[in-house]
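Just so it is clear: chains get the letters A, B, ... in the order the sequence lines come, proteins before strands, and each one is counted from 1. The structure displayed is predicted, hence computed values, not measured ones.
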Amino acid sequence: MEKALREILQDAVKRMIETGVGPIEIEVPKDEGFGDLSTPVAMGLAKMLKKAPRKIAEEIVSHIDRGDTFERIDIAGPGFINFTFTRSFICRELGELLTESETFLTENVGNGKKVQIEFVSANPTGPLHLGHGRGAAVGAALANLLQETGYRIEKEFYINDAGKQVKMLGLSVFAKYQALCGREYPFPEDGYRGYYIDDLAAEFKATFGNRFVDTAFNEVAADFIDFSYTKMLDLIKKDLEDFGAIFDTWQSERELYAAGEVEQTLDDLRTKGYIFEHDGATWFRTSDLGDDKDRVLIKKDGDYTYFTPDIAYHRKKLEKGFDELIDIWGADHHGYIPRMQAAVQALGHPRESLRVVLVQIVSLLKGGQPVQMSKRAGEFITLREVMDEIGPDTTKFLFLTRRSDSHLDVDIEVAKAQSSENPVFYVQYAHARINSIFDKARESGFDRHTLASFDGTLFNDEEMRIVKKLLYYPMMLRGAALAREPHRITFYLQELAGLFHPYYHRHRVITEDIELTKARLALCEAIMVALKHGSKILGVSSPEKM
RNA sequence: GCGCCUGUAGCUCAGUGGAUUAGAGCAUCAGCCUCCGGAGCUGAGGGCCGGAGGUUCGAAUCCUCUCAGGCGCACCA
C-alpha cells in the first residue's frame with residue numbers, strides 16, 4: 001500500500017520538479033479521520049519552490065489520477081496530503097498478501113548490499129551474562145530483519161583468545177589447580193572468581209592429574225589458557241545456540257596474529273602516513289580523522305594495545321568486501337566509536353561503513369534491590385539461568401521490547417513471576433488461537449488455500465481496520481530495517497494481536513454464512529502470516545498450541 | 001572538567017520536528033466463561049512528556065541553558 005503510494009507520489013513530484021526529490025516521507029496519520037496514509041512532502045518542498053505548502057499540495061494532487069485506487073485525496077492542515085484508499089484497492093492488496101504470503105510482507109531495501117553483523121563477541125573467560133543476552137537477541141533479530149529486506153548478511157563472533165583476559169583466566173585456573181593439588185599458591189588479585197573456575201580446575205586435574213604441579217605458570221601457561229578458554233567458548237557456543245543466536249563465522253584474534261594481519265595493518269597505516277613515534281611508543285594519528293586524541297598502537301614495553309589487533313580485525317572484515325559493517329557493542333564502549341571509525345577511514349573506506357549499534361547495560365534487580373554484577377567477582381546472573389527459568393522466547397521478547405540503547409532494568413523476581421503474563425504470550429496466543437480456528441474450520445470443510453477469493457465487501461469497519469494494519473506491515477518492516485531497529489517489529493506485533501483479540505471476542509469467524517466465514521478466515525490467515533513473519537525475525541516461536 | 005546516552009502514567013517502556021483529547025503493557029479498581037482456546041475481553045482511575053528559555057503557524061520531538069541518573073574520557077581490555 002505504501003509502496004504503491006510512494007511510486008505514485010514520485011511520479012507526481014517528478015512532473016513538477018524534473019530532478020525529482022529524495023525519498024518521500026509517508027506516514028500513518030495519528031487520527032484515522034485523516035485517511036489511511038499521508039505525506040508532508042508539500043511542506044518540505046515549500047522552501048525549495050518558494051510557494052505556499054497548500055498550493056504545492058494542490059499541484060501534486062492534480063497530477064494524481066484517483067482511479068479506483070483512492071477513495072479520496074485531501075489537503076489538510078498546513079499542507080498535508082491525506083490519502084484514503086478504496087475498499088476494492090485494499091481488498092486487492094489483501095488478496096495479494098494471501099497469495100504471495102511472506103513475499104508480500106517484505107520489500108527489497110538492501111538491494112543485495114553485503115552487511116556483516118558482529119555481535120556478542122564475549123571474552124571466553126566465563127559464561128554469558130544477561131547483557132550478552134541482550135546483545136545476542138538484538139544482533140540476531142537485526143540480522144534476520146536485514147536478511148528479510150534484501151541484504152546479504154554474515155553473522156560473526158569475534159573471539160578474544162589472544163589478550164590478557166584469557167591469560168588471566170588461565171592463571172586463575174592454575175591457582176585453583178595448585179590448591180586442589182594441595183599446594184599453596186596465591187590467587188591473582190584480578191583473577192576470575194566464579195564457581196566455574198573451580199569446575200575448570202577440577203576438570204583440568206581430572207584430565208591431567210598432578211602433571212603440572214610444582215611448575216611455574218609461565219612454563220605451562222598455554223596449557224592452562226587453551227584448556228580453559230576452549231571449554232568456556234564451548235559453553236558460550238552452546239548457550240548461544242540454545243538461545244537461537246546462530247553465527248556464520250567465528251573469527252579468532254590469534255589467527256589474525258598468526259596470519260600476519262596485525263603486522264600488515266601496521267605497515268598499511270604506516271605507508272599511509274598515519275603512524276608516528278613518540279615517547280618510545282608507536283602512535284596512530286586518529287585525531288586527524290575525527291577522534292579526540294591520537295592513540296597508542298604499540299606501548300613502550302613493546303606490547304600492542306587492545307586497539308591494534310582490533311584495527312586488523314576490522315581491516316580483515318572490510319577486505320572481505322562488505323559494504324557495511326555493523327558492530328553491536330555494549331554502551332560502555334561508546335567512547336571507542338570515533339577511533340574505530342577513524343581507523344576505518346584511514347584504511348580507505350568511508351567512516352560510515354562502520355555502524356555501531358549500542359546496547360545498553362542490563363541492570364539487574366532482585367525484588368526491587370539492585371544486584372551488583374561483576375564477572376571477576378563471579379557475581380552475576382547468567383543468560384543460561386534466565387533462559388532456563390523463563391524460556392528463550394520470553395527472554396528475547398523482553399530484550400526486544402525496548403530500543404537497544406535504552407537503559408533496561410530486569411527484576412529477576414518479576415521476570416519469573418511474569419513469565420505467564422509476559423507480552424510475548426499475548427502475541428503467541430493470537431497465533432495459536434487462529435490456528436485453532438483453522439482446525440475448527442477444516443472440520444466444517446473450509447480449505448485454507450481457496451481463501452484468496454474472499455468477498456471483501458463483507459468486511460465491517462473493525463475488519464477493515466485490521467486489514468489496513470496488515471497492509472502497514474511492509475512499511476513498518478522497511479522502516480525498521482533502515483533504522484536498524486528490530487524493536488519496532490515487537491511493537492507492531494503487540495498492536496496487531498491487540499486488534500485481533502478484541503475482534504475475536506466480538507465476532508464469530510465460523511458461522512452458517514459461508515461467504516462471511518470465508519472472508520473472515522481470509523483475514524485470520526493474513527493475520528497469522530504477519531504474526532509468524534514478525535515473530536520469526538525476532539527469533540520467537542509461533543506455537544500452534546500453547 | 002569534557003563527551004555520549006537517558007529522563008514521558010505508580011512501574012517498565014513506545015512515540016524524537018508538523019494537524020484539537022500524548023500511547024501500550026504491567027500494577028490498581030469494577031465487570032465478562034450456554035457460543036471458534038479466559039495466557040483472552042469490556043470499562044475506570046492515573047501524565048504541567050525532568051525544569052527554564054528560544055526557533056516556528058505549530059515542540060514530548062529542533063536549538064540553548066539547567067537539574068537528575070547511567071556510561072565513557074589509558075602506553076586497560
Side-chain angles (χ1 to χ4, degrees), chain A residues 25 27 29-31 33-34 38 40 43-44 53 76-80 82 123 125 160 162-168 190 253 278-283 292-310 330-338 358 360-361 363 365 368 398 401-411 414-415 417-430 432-441 443-444 483 485 487-488 490-492 494-495 497-498 500-511 517 520-521 524 543 545-546:
Chain A
E25 201 180 320
E27 53 199 32
K30 277 179 190 164
D31 191 320
F34 294 133
S38 99
M43 273 123 59
F80 287 95
N82 296 331
N123 284 333
T125 54
N160 290 104
K164 275 187 184 164
Q165 302 300 329
V166 284
K167 192 175 175 189
M168 186 53 76
D190 296 333
E253 184 182 356
H278 179 70
D279 275 354
T282 301
W283 295 69
D292 296 340
K293 46 185 119 175
D294 297 327
R295 306 292 171 179
V296 171
L297 294 182
I298 304 174
K299 296 185 272 181
K300 220 182 269 181
D301 64 9
D303 282 351
Y304 292 120
T305 61
Y306 176 82
F307 190 31
T308 313
D310 221 13
D332 53 340
H333 289 86
H334 70 262
Y336 199 69
I337 298 173
L358 293 178
Q360 265 295 351
I361 305 298
S363 317
L365 305 174
L398 180 74
T401 328
R402 285 139 172 102
R403 253 188 15 228
S404 72
D405 63 348
S406 72
H407 298 266
L408 170 59
D409 292 334
V410 174
D411 191 315
V414 175
Q418 274 188 359
S419 62
S420 66
E421 300 255 333
N422 195 285
V424 69
F425 293 104
Y426 189 72
V427 173
Q428 291 182 320
Y429 188 54
R433 218 172 205 180
I434 294 174
N435 190 70
S436 126
I437 293 174
F438 275 105
D439 283 346
K440 211 80 175 181
E443 289 170 19
S444 315
E485 290 182 352
H487 78 271
R488 296 190 191 191
T490 322
F491 280 88
Y492 176 92
Q494 292 185 82
E495 287 160 13
F500 170 71
H501 287 303
Y503 167 72
Y504 171 88
H505 276 269
R506 277 192 279 268
H507 306 282
R508 274 193 73 81
V509 173
I510 300 165
T511 61
T517 302
R520 291 185 168 170
L521 283 174
C524 286
K545 290 190 183 354
M546 292 173 69

Can you check the [X] [atom1] to [N] [atom2] distance for me, whole Å?
X	N	atom1	atom2	value
M43(A)	A19(B)	CE	P	9 Å
D294(A)	A74(B)	CG	P	13 Å
E27(A)	G15(B)	CD	P	15 Å

When the [atom1] atoms of [M] and [N] are compared, how many Å lie between them, rounded to an integer?
N	M	atom1	result
C49(B)	U21(B)	P	14 Å
G50(B)	A60(B)	P	10 Å
U28(B)	U66(B)	P	42 Å
C11(B)	G47(B)	P	12 Å
A59(B)	U8(B)	C1'	14 Å
A14(B)	G25(B)	P	16 Å
G70(B)	C33(B)	C1'	48 Å
C13(B)	C29(B)	C1'	23 Å

Who are the side chain to side chain contact (heavy atoms under 4.5 Å, CB included) partners of [X], not counting sequence neighbours?
X	answer
E27(A)	E25(A), S38(A), P40(A), F80(A)
D439(A)	N435(A), R442(A), K545(A)
E253(A)	Y158(A), N160(A), D161(A), A162(A), Y257(A), P309(A)
K300(A)	none

Using purine N1 to pyrimidine N3 plus N6-O4 or O6-N4 for Watson-Crick, or N1-O2 and O6-N3 for G-U wobble, each under 3.5 Å, what pairs with [N]?
N	result
C71(B)	G3(B)
A22(B)	none
A59(B)	none
C29(B)	G43(B)
A9(B)	none
C49(B)	none

**Asked** From H501(A) NE2 over to Y429(A) OH, what is the distance, rounded to the nearest 0.5 angstrom?
**Response**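 Nearest 0.5 Å value for the NE2-OH distance: 7.5 Å.
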**Asked** How many angstroms lie between atom NZ of K293(A) and atom CH2 of W283(A), to the nearest 0.5 angstrom?
**Response**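 Interatomic distance, K293(A) NZ to W283(A) CH2, rounded to 0.5 Å: 9.0 Å.
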Mind checking [X] for me? I need base, sugar-phosphate or nothing, with any heavy atom below 4.0 Å counting as a touch.
X	answer
A331(A)	sugar-phosphate
D279(A)	base
S38(A)	base

**Item:** Partner set under salt bridge (Lys or Arg N to Asp or Glu O under 4.0 Å) for R433(A), not counting sequence neighbours
**Value:**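 None.
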Considering only [options], which nucleotide approaches the side chain of [X] most closely?
X	options	result
T305(A)	A19(B), C73(B), C75(B)	C75(B)
K293(A)	C73(B), C75(B), A77(B)	C73(B)
H333(A)	A77(B), G25(B), A74(B)	A77(B)

Can you check nucleotides 6-9 of chain B for protein contacts, nitrogen or oxygen pairs under 3.5 Å, and list what you find?
{"unit_1": "U6(B)", "atom_1": "OP1", "unit_2": "R403(A)", "atom_2": "NH2", "d": "2.9"}

**Request:** Could you check whether F491(A) and the base of A14(B) form a stacked pair, meaning centres closer than 5.5 Å and planes differing by less than 30°?
**Result:**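 It does not: the ring fails the test against the base of A14(B).
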**Message:** Syn if the chi torsion is within 90° of 0, anti otherwise; quick check, which is C62(B)?
**Reply:**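 With its glycosidic angle more than 90° from zero, C62(B) counts as anti.
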**Complete:** Quick tally for nucleotides 35-44 of chain B: nucleotides whose base has a protein heavy atom under 4.0 Å get B, sugar-phosphate-only ones S, the rest -, giving SBBSBBSS--
**Prompt:** If you find the nucleotide of RNA chain B closest to E495(A) and the one closest to F307(A), which residue's nucleotide is nearer the 5' end?
**Reply:**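 Looking at RNA chain B, the more 5' nearest nucleotide goes with E495(A).
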**Message:** For R488(A) and Y306(A), find the nucleotide of RNA chain B closest to each by heavy atoms; which residue's nucleotide sits nearer the 5' end?
**Reply:**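 Counting from the 5' end, the first nearest nucleotide belongs to R488(A).
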**Asked** Hey, does the side-chain of N82(A) have a donor or acceptor N/O within less than 3.5 Å of a partner on the base of A19(B)?
**Response**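 Counting by modelled atom types and ignoring angles, a donor-acceptor contact under 3.5 Å is found here.
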**Request:** Start with the C-alpha gap between M168(A) and D190(A), add the side-chain angles, then the distance that decides, and say whether side-chain contact (heavy atoms from CB on, under 4.5 Å) holds.
**Result:** CA-CA 8 Å; M168(A) 186 53 76; D190(A) 296 333; 3.9 Å; yes
**Asked** Under the ring-ring contact (aromatic ring centres under 6.0 Å, His included) test, which residues partner H507(A), sequence neighbours left out?
**Response**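 Listed in chain order: Y503(A).
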**Request:** Quick one: list whatever passes side-chain hydrogen bond (donor to acceptor under 3.5 Å, both in side chains) with S436(A), sequence neighbours left out.
**Result:**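 Applying side-chain hydrogen bond (donor to acceptor under 3.5 Å, both in side chains) to S436(A) gives none.
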**Message:** Testing T401(A), V427(A), V424(A) one by one against T490(A) for a side chain to side chain contact (heavy atoms under 4.5 Å, CB included), which residue passes?
**Reply:**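 So, applying the side chain to side chain contact (heavy atoms under 4.5 Å, CB included) to T490(A) and each of T401(A), V427(A), V424(A), only T401(A) qualifies.
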